[in-house]
Number of protein chains: 2
Amino acid sequence: MKKFFTALSLSITGIALPVSAQTDFQADSIFIRKIYDTALGEGQSYEWLRHLTQQVGPRLSGSDGAAKAVVYTKSVMEGEHFDNVFLQNVMVPHWVRGAKEKAHIITYKQKIEVPIAALGGSIATPKGGIKAKIVEVKSFQQLRDLGTEKVKGKIVFFNRPMDPTKINTFEAYAGAVEQRAAGASEAAKLGAIGSITRSMTTRLDDFPHTGSMRYASGAPMIPAAAISTNGAELLTNTLKENPDTEFYFEQNCETLPDAASHNVIGELKGKTSPNKYIAVGGHLDSWDFAQGAHDDGSGCVQSIEAVRILKALGYQPNNTLRAVMFMNEENGMKGGVTYADSAKSRNETHIAAIESDHGGFSPRGFGIVGTPEQKAKIQQWTKLFAAYGVHELGPGGGGADIGPLAQQGTVLLGLMPDTQRYFDYHHAANDKFETVSKRELELGAAAMASMLYLIDKYGL
Amino acid sequence: MKKFFTALSLSITGIALPVSAQTDFQADSIFIRKIYDTALGEGQSYEWLRHLTQQVGPRLSGSDGAAKAVVYTKSVMEGEHFDNVFLQNVMVPHWVRGAKEKAHIITYKQKIEVPIAALGGSIATPKGGIKAKIVEVKSFQQLRDLGTEKVKGKIVFFNRPMDPTKINTFEAYAGAVEQRAAGASEAAKLGAIGSITRSMTTRLDDFPHTGSMRYASGAPMIPAAAISTNGAELLTNTLKENPDTEFYFEQNCETLPDAASHNVIGELKGKTSPNKYIAVGGHLDSWDFAQGAHDDGSGCVQSIEAVRILKALGYQPNNTLRAVMFMNEENGMKGGVTYADSAKSRNETHIAAIESDHGGFSPRGFGIVGTPEQKAKIQQWTKLFAAYGVHELGPGGGGADIGPLAQQGTVLLGLMPDTQRYFDYHHAANDKFETVSKRELELGAAAMASMLYLIDKYGL
């Protein structure tokens, strides 16, 4: 009856698969145990992350830090004797924050300083800053209902919080981030002269959380900044007491000409299909005032570590395995686009690409973007992962940097760690090395190495 | 065919259950969603924890802090208008650390200070401290193999680390903690004059992690302390260079007469079976130099919050629900024993008891101690919990404080959060409020409230 039950229980999940596909369970189980032993017992990723965050530091595209990060991660993979380590040229946007950045609330002649940070891509304020009445909205609809009459000449304050009741904080982020990304242009269309957005975090604290914004074509460009959540609470309470409250802010950020930069790639050559590839990556750039420990130094060092572990265990891959440090995820995505374009023009067929860009937290699953058959094949490995607390194979997407590979039929996988603490640090100055747990980081690297191994062994 | 498949898939897990048992899935799913909305949207536990850790502070049994913690948690439950809030008398051991605590390694006439902490229950050193040669062992067997000749008159250094390759860190702890609990007596049997144990953590840092130890009857009592992991590494390396290395330590801890203390209990009265109980609890005491944020302030405030949430939602329980703050888990377990004894003598039938004592981290499951039928009944609720990332119903035990209830047929459940960071803080001075994530704490409270609700509704 055993065979019958196994086939039947698989068929309940929707897709019938041959029982034979699972026959290597024991061998795989043993090999994956070795992967985890290596990751947790002799892991390298934590010390690499220490260097990348504390010695290299912030590394926004076009900055000296980004250039140093390219050199450092290349040297790490060379030091690990990967078969081939090389740079891929990428032209990136080059936005700089400038030295000035200040804001205060003005009510009944009292000035109260609040922490702000210019949004990535924003223009500067005029010299001396902007001072104007401020009008609070919770949605674009509410803004449009106010109309030009009530918005013109004012600063618009977007104050819809991330919904704390969402279990997956990325859903809460998705429900609020339009305010940061598109708020300035929505406000400018109605004559606003500045835009202030509540930071994208469920915590109440004093860190402004930056992030990219875009100006819509046709709308006037107005300066845009994020305000800390404590600042946002103060501002909304002040406005309730005194609707004539004014707001002042100054910032002198600017966009310089595009700069030359690089993706950093390290390979283990495949023995049977060297021109087929499986990539595993994270993005090397971070925001300018953040060490980028969770976003996304973790993903970078985990990717190198995943390949290193397989090499350390003497695994000879069928396909070529690549660790890829993508440049410019934060404000342009040029690295991901360049990588996919290059793969296409060089006929480098990518079977799958795995990205880690949800922080160095305890891994709980992988998001999968592929056909139902490909998903079902990966879900056959559920039991292998469940032993390590990785329970969800399927929900969630791949990752921004690997996204452009989807058009080439590449299966995309995103490491999905526990999401509860991610937005405590996201795009803020407290995204520091000390907030990463060594074990959680290493478990993520082990999960990625295990997925690399299974895909390489069985294909997709 | 649907019925057939459902029954069959359940039978694969080992126990066939009637399909009808799942018919309230939709109603339960809606109610549990409300529990989570309340916990994450209007949660109280985080501010209670802030007070308990930062205003009350350390609260070892018998201390002023413990007395204040009793008063504070009683006042919280009274403030929430629980139906009945009362104290239960418990006599507890009263061990105090004393003001002196220092140690150094002596090699080639050089003294290097290292951080130590007396183990709970240890005696003091003689005034002026102990100075002696130090001998390192990794196991009791290795100690016994050395024999009296090589141990007599020396200090024994127990240096077997927690195994970092265990996925569940509590397993790694279980594999190493005998050194702390019983090492001193094992060493004393061979004539050792002191015992130093490597701190129970996988991290390398400067915090000594204390914890309870017991003297075996018949063995001489010798002073015992924990050394930080960095200190342990230094000591082992020094010994490799110079086997004649000496160690010095002084501590003036002592055991005072037993003290009067309390469990703190708050109830929501059951409407159909008020004399049947479901308890949910944590332990109120902490080690003397720790705020006890994860261990176990989190479990206490989560327990109160779980009951508060059901009350706030207007849920009228069938059975009486109790939040219990147990006293003296760390060094005597008197609160748990007293609670079970009292329940027995008063014929308070406890259907189930739920404990949270694994830290305020993201919840991943519940351990269950009960009959196979009871386990299977709880496991029917798997889908209800999986939506909230709580995937494992079964593996792991209940909890130390609720353990004594097992003899009365009570089903024991232990909240099982992610274990990766727990031993970073366990029994050490860095177990502070700031290390607890508000969302993770609240998710734990919501999982406990959901389990309370399901058990109350369906029985066990």
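Everything numeric in this text was worked out from a predicted model, so none of it was measured. Letters A, B, ... are given to chains in the order of the sequence lines, protein chains preceding strands, and every chain is numbered from 1.
- With a threshold of 4.5 angstrom between heavy atoms, D37(B) approaches chain A through its backbone and through its side chain.
- K375(A) NZ: more than 12 foreign heavy atoms inside a 6.0 Å radius.
- Proximity to chain A is limited to the side chain of E392(B), based on heavy atoms less than 4.5 angstrom apart.
- Note that the OG atom of S437(B) and the OH atom of Y422(A) stand 15.5 Å from one another [nearest 0.5 Å].
- For the atom pair CD of Q420(B) and OG of S362(A), the computed distance is 4.5 Å after rounding to the nearest 0.5 Å.
- Contact check for I167(A) versus Y36(B): side-chain heavy atoms found under the 4.5 Å cut-off.
- Side-chain contact between R364(A) and H391(B) is present, with heavy atoms from C-beta onward closer than 4.5 Å.
- Note that OH of Y388(B) is 13.0 Å distant from CG of N168(A), once rounded to the nearest 0.5 Å.
- Of all non-hydrogen atoms in P164(A) and G41(B), the two that sit nearest each other are CG-CA, 4.4 Å.
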(request) Test T165(A) against R33(B) for side-chain contact (heavy atoms from CB on, under 4.5 Å), laying out the working first. (result) CA-CA 9 Å; T165(A) 69; R33(B) 181 65 255 186; 3.8 Å; yes

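- For the options A387(B), A446(B), G389(B), heavy-atom pairs under 4.5 Å to chain A are most numerous at G389(B).
- Counting only heavy atoms from C-beta outward, the side chains of T202(B) and K438(A) never approach each other to under 4.5 Å.
- No more than 12 heavy atoms of other residues, nucleotides or ligands sit less than 6.0 Å from atom NZ of K166(B).
- Looking at E440(B) and R421(A), their side chains come closer than 4.5 Å, going by heavy atoms from C-beta outward.
- In this structure, T169(A) and R439(B) have side chains that are in contact, with non-hydrogen atoms separated by less than 4.5 Å.
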